[in-house]
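Working notes for the structure below.
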Amino acid sequence: MSTAVIRLLPDTLANQIAAGEVVERPASVVKELVENALDAGASRVDVELEEGGVRLIRVRDDGGGIAADELALAVQRHATSKIATLDDLEAVATLGFRGEALPSIASVSRFRIASKRADSAHGHALEVEGGKVGTPIPAAQGQGTTVEVRDLFFNVPARRKFLRTERTELGHIEEWLRQLALVRPDVELRLSHNGKQLKRYRGGDVAEFARARVLETLGEEFSRHAIAIEHEAAGLRISGWIAQPAYNRAGTDQQYFYVNGRAVRDRSVAHAVKLAYADVLYHGRHPAYVLFLDIDPRRVDVNVHPAKHEVRFRDGRLVHDFVYRTLKDALAQTRAGVEAEGEISPQATMTPNPFAAAQPSAQAAPAYDWHRPQPGLRLGVAEAPAAYAALYRGSQSASHGELPSAAEMPRDDAEMPPLGFAVAQLHGIYILAETAEGLVVVDMHAAHERINYERLKAAFDGEGLRLQPLLVPQTLAVSLREAELVEQESQALQQLGFEISRSGELSVLLRAVPALLANGNAEALVRDVLSDFIEHGHSLRVAEARDRLLSTMACHGSVRAHRRLTLPEMNALLRDMEATERSAQCNHGRPTWARFTLAEIDRWFLRGR
């Protein structure tokens, strides 16, 4: 058996191996070059492509530029202007920082870089082919830098054959630029392909262009359903937009998350968003959002992924909880009859802060004091005829205690509640209500289900989790890591409703479980909770299981389809919807109501107004 000899790799081969980490496809090249341009202070970046970027990638910027005597150094490995000390590495504030992008790209292409600083009389250019560096020469160049990458992977045919079609590679570049456009509205971005301009994102003042970028990149439908988010706590700040549950996607194509301006994918944050939407999103559907997280650079490590797609938080549990609580509180305000605050439109008035609508709080429901329950419906709010009369017909009519007819309902828009007043019931399933804008249709079972569900949750949250001791303590076989976790997190597990202790090296003893879930599979629930602690550092499994049970209870306790309701009962339901959190969707994520404006109804009948 022969012994392999250890030897140093030639620089060319080492650079090509490094390129495997940095350069996956043309979109990777565009990403690295544009990020360098932004770090150089560019206010405009032009990207020109040929054949999906395989034939040519040219990135031109108006940034600070590179001095002539530094051009050769720029294409050497580990040479960078962005990191000088260990402290700089621990608090990275730039998009690019490794000092490997240019040499890696140059090692697998025919590469040319030209640059000029503002204080230079003219520019200089440097060519590199297959890793062989030339000599800087004078060249015509405006202020800034132009990088040309030709014949990508011309010297690595094994890599080139893994590239996709021209259209596919172009699509990856377009998506990455769309992702960048959302976070840098201050920079003008232009994209052309085979001599034809494909996209131009105008840039300028952030307050003016941030919302326009969202409208341009994600479309009018997202913008109409957008809820503005801004919240700050514990040294964290999150801003941006989330879509109302009514606007959801089959996939995750409209999920954009940024940390200190860097687009990343983070499992913990994705999990937090999923949990926040759990109560309001239809099964199998995905939320849409654009979220910007600002955090002290020292509390996040951006140097954990070769392509910088992922980061590691020093306190991942805090970030998870912060994102979850912020989004959950915002979604709680998606009440029926209330439009999303922060809705984006081309004519929207821009504020100095593009995310100024901090907590997307709905307007408070009118302070109607109608509390007479309707028999059998168990609603907490109902219109008392006398109160109706006192409010809308004056004290003289009030003395008769008469309930106004639909024709006598107030016509003043200022007096009309968000969901209006019921005028009829359709097939015993839907409530038809007249509003100031037109017509509202309500699915009465879905709406009542949400109302009951929120009341049950509030009741159990008020009481807290009660423990149910097991008649016979249960011994569970677990892994070593799970057994150690039970010891370390005993207090947290107690707060979740479990009395559990370690009874051996690979076993634990379960003595009590949450009372509400006592009839379920206790062993499976404990294992799921421990699994969550291992993966996320905490668990919401008990709350999820509790909510599933309460949801079932709410469903069975809600008014059923084909039950005839009186007008007071229907109006009571509408008032409760206006006052109940998340009432725009039922427990399963289905919408509870729909609005039709007079203009829409007029179009049905070709009426001109």
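Count residues from 1 along the sequence. Just so we're clear, the structure is a prediction, and the values are computed from it rather than from any experiment.
The nearest pair of heavy atoms linking S558 to N452 is OG-ND2, 3.3 Å. Contact detail for A483 and V508: the closest heavy-atom pair is CA-CG1, 4.3 Å. For the residue pair A554 and L456, the shortest heavy atom distance occurs at N-CD1, 3.9 Å.
A donor-acceptor contact shorter than 3.5 Å links the side chain of N260 to the backbone of I295. Between the side chain of Q255 and the backbone N or O of P287, at least one donor-acceptor pair lies under 3.5 Å. Proximity of a side-chain donor or acceptor of N571 to a complementary backbone N or O of F421 within less than 3.5 Å is not detected. Checked by atom type and distance alone, the side chain of T592 pairs as donor or acceptor with a backbone atom of A584 at under 3.5 Å. Between the side chain of S490 and the backbone N or O of V486, no donor-acceptor pair lies under 3.5 Å. Between the side chain of R159 and the backbone N or O of V23, at least one donor-acceptor pair lies under 3.5 Å. No donor-acceptor pair closer than 3.5 Å links the side chain of S531 to the backbone N or O of R527. A donor-acceptor pair is defined here as one N or O able to donate and one able to accept, closer than 3.5 Å; no such pair exists between the side chain of D576 and the backbone of L573. In this structure, E578 contributes its side chain and S583 its backbone to no donor-acceptor pair below 3.5 Å.
Ion pairing between a basic and an acidic side chain is recognised when a charged N comes within 4.0 Å of a carboxylate O; E454 and K457 show such pairing.
Within a 6.0 Å sphere centred on CZ of R299, heavy atoms belonging to other residues, nucleotides or ligands number more than 12. Counted within 6.0 Å of CZ on R249, heavy atoms from surrounding residues, nucleotides or ligands total more than 12; the atom is thus considered enclosed. The neighbour count for R564 CZ, taken as heavy atoms of other residues, nucleotides or ligands under 6.0 Å away, is above 12. In R312, the CZ atom is not crowded: 12 or fewer heavy atoms of neighbouring residues, nucleotides or ligands sit closer than 6.0 Å. In this structure, Q491 places its CD atom where only 12 or fewer heavy-atom neighbours from other residues, nucleotides or ligands lie under 6.0 Å away.
Ring geometry for H225 versus Y247: interplanar angle under 30°, hence parallel rather than tilted (30 to 60°).
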Using a 3.5 Å cut-off and no angle test, enumerate the donor-acceptor pairs between side-chain atoms of residues 175-183 and protein atoms at least two apart in sequence or in another chain.
residue, atom, partner, partner atom, Å
E175, OE1, R178, NH1, 2.3
E175, OE2, Y256, OH, 2.9

Just do the salt bridge (Lys or Arg N to Asp or Glu O under 4.0 Å) check on E221 and R224 with the steps written out, would you? CA-CA 5 Å; E221 195 66 16; R224 282 201 309 109; 2.9 Å; yes

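At least one side-chain heavy atom of R575 sits under 4.5 Å from a side-chain heavy atom of P417.
To the nearest 0.5 Å, the span separating CZ on R590 from OH on Y282 amounts to 7.5 Å. In this structure, L506 CG and L476 CG are separated by 12.5 Å, a value rounded to the nearest 0.5 Å. Taking OH from Y289 and CZ from F222, the interatomic distance works out to 11.0 Å, rounded to the nearest 0.5 Å. For the atom pair Q585 CD and L331 CG, the distance stands at 8.5 Å (nearest 0.5 Å). Atom OH of Y277 sits about 6.0 Å away from atom CG of L327, to the nearest 0.5 Å. With values rounded to the nearest 0.5 angstrom, H445 atom NE2 is found 12.5 Å from R450 atom CZ.
A centroid separation of less than 6.0 Å is found between the aromatic rings of H231 and F322.
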